[in-house]
Amino acid sequence: MSADNQLQFTVERHPNPTPADKIAAALVDPAFGRVFTDHMVTIRWTEGRGWHDAKVEARRPFQIDPACAVLHYAQEIFEGMKAYRGADGKISLFRPQENARRFRASAARMSMADLPEADFLRAVEALVDIDRDWIPGGDGSLYLRPFMFATETFLGVRAAAEYVFCVIACPVGPYFKGGKSAVTVWVSDQYTRAAPGGTGAAKCGGNYAASLIAQTEASQKGCDQVVFLDAAEHRWIEELGGMNVFFVMDDGSLQTPPLSGTILPGITRASIIELARREGLKVAETPYAFDAWQADAKSGRVRETFACGTAAVVTAIGNVRHAGGEFAIGDGGEGEVTRRIRSLLTGIQRGKEPDTFGWVHHIA
Ligand SMILES: *Cc1c(COP(=O)(O)O)cnc(C)c1O
């Protein structure tokens, strides 16, 4: 470590980087999470030594022992963020400090090593910088996946004494195939995602492992995503598998479930709350029951519903399927408020709208 206490990254460029014409071909309509850039960043942590061996290098497989702790007890956390190429050619990240802060919170909940926010940011910036040719223009972006897992070779049950932090990246287009204007969701009456006192507010792989059965059920019912209700009463709407949810009421106000500890505190969610209030809309963080949603969709009290997150941005929910039937929100398409919020948010992210909140972080 240097005197200013910052990690120094060694940089070893890929010996045979992907040629420009292959990159260009890969950036045409990439499927989400299948095409990766040439490099990765890794930092290791060992008890007694702290963070060390910060590296930017060619993307390659990890070598891990069969007794590697993460394979047995699932100490793993991640983040999801995007790098954008603005209309002016400038490269930017959206509120990356918030990802760095949430990553520390997730690590704390999972008893994992604490990565300083400055090091998280520098790792992400280093990858975006070296793989900048992979950032699509237009509506695409470079999805960044920082993550950390327990690497200690040990089968005992306790917090591991060794971790690897890593960042990889993939160019992405729209999350839902064909850029659908509204999705259909399945409300799971059987499975829940997070219980009080559990890990619902941490961005850990385990939450996703537990939610996949409900996502499979949703697909079998012809739905794009699953909506989870609370674990205690199976009554209150919490969020989707990987997205928060907002309701637009007939008085023009917005409503979203409160951060009760069982919901992932989305950065998109927080940004929409601030943005909507700036636009003069009322936003309430208040519990909303599934029964009420159904009744309000029928009476017209709920006009629109949308899901939000980094991957899917802002996506209208047009139809809702559940064990007792199905109902539509509004006319089943994308509503006016949803469209306006998406346009404001993506406008800020891509440098087309003024960044009045100072959310855009440019990369030199
Ligand atoms: C990542 C995630 C979100 C969205 O968070 P953003 O910071 O907006 O990307 C919502 N719910 C879950 C379960 C998530 O994992």
Side-chain angles (χ1 to χ4, degrees), residues 32-33 74 76-84 93-107 109-110 117 120-121 124 141-148 169-170 172 174-176 183 185 188 191-195 198-215 218 224-231 236-246 254 256-276 283 285 305-315 317 338 341-342 344-346 348-349 357 359 361:
F32 190 93
E76 191 272 351
I77 59 170
F78 64 95
E79 272 301 324
M81 50 208 295
K82 283 175 173 173
Y84 306 91
L93 298 168
F94 183 71
R95 308 187 77 181
Q97 298 88 348
E98 296 300 316
N99 295 94
R101 195 185 328 219
R102 185 170 65 192
F103 196 71
R104 288 187 65 199
S106 296
R109 177 62 184 81
M110 304 299 286
E117 288 164 31
F120 176 101
L121 277 176
V124 167
S141 55
L142 186 66
Y143 185 79
L144 300 160
R145 170 53 57 87
F147 63 104
M148 169 166 53
C170 44
V172 297
Y175 188 74
F176 293 106
V183 298
V185 294
S188 179
Y191 303 109
T192 56
R193 181 188 161 273
T199 57
K203 212 167 170 73
C204 62
N207 287 342
Y208 279 74
S211 75
L212 295 179
I213 190 167
Q215 181 61 48
D224 303 286
Q225 273 283 328
V226 56
V227 172
F228 287 101
L229 303 180
D230 75 292
W236 305 101
I237 299 164
E238 295 218 309
E239 63 171 314
L240 277 61
M243 281 168 258
N244 296 117
V245 61
F246 279 83
L254 263 57
T256 190
L259 299 179
S260 54
T262 54
I263 292 177
L264 202 284
I267 296 161
T268 317
R269 173 189 180 280
S271 305
I272 288 171
I273 291 174
E274 284 191 65
L275 205 49
V283 186
E285 294 180 71
T305 302
F306 63 84
C308 67
T310 298
V313 198
V314 170
T315 301
I317 295 176
T338 302
I341 291 200
R342 195 190 48 238
L344 281 174
L345 183 67
T346 56
I348 294 172
Q349 289 168 336
F357 296 102
W359 285 340
H361 179 90

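Both ligands and their constituent atoms are indexed starting at 1 by order of listing.
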Say whether, by atom type as modelled, one donor and one acceptor occur between the side chain of S211 and the main chain of R193 under 3.5 angstrom.
no
Whether D230 side chain and E238 backbone form a donor-acceptor pair below 3.5 Å
no
So, using side chain to side chain donor-acceptor pair (under 3.5 Å) as the criterion, who are the partners of R101 when residues are at least two apart?
E98
For S188, check side chain to side chain donor-acceptor pair (under 3.5 Å) against everything at least two apart and list the hits.
none
Which atoms form the tightest heavy-atom contact between A276 and V283, and what is the distance?
CB-CG2, 3.7 Å
By side-chain contact (heavy atoms from CB on, under 4.5 Å), E76 pairs with (sequence neighbours left out) V70, F78, F147, F149
List below, pair by pair, the N or O atoms of ligand 1 and of the protein that are less than 3.5 Å apart, including the distance to 0.1 Å; reply 'none' if no pair qualifies.
unit_1	atom_1	unit_2	atom_2	d
ligand 1	7 (O)	R102	NH1	2.8
ligand 1	7 (O)	R102	NH2	3.0
ligand 1	7 (O)	I267	N	2.8
ligand 1	8 (O)	I267	N	3.3
ligand 1	8 (O)	T268	N	2.9
ligand 1	8 (O)	T268	OG1	2.6
ligand 1	9 (O)	T310	N	2.9
ligand 1	9 (O)	T310	OG1	2.6
ligand 1	11 (N)	E239	OE1	2.5
ligand 1	11 (N)	M243	N	3.4
ligand 1	15 (O)	K203	NZ	2.7
ligand 1	15 (O)	Y208	OH	2.5

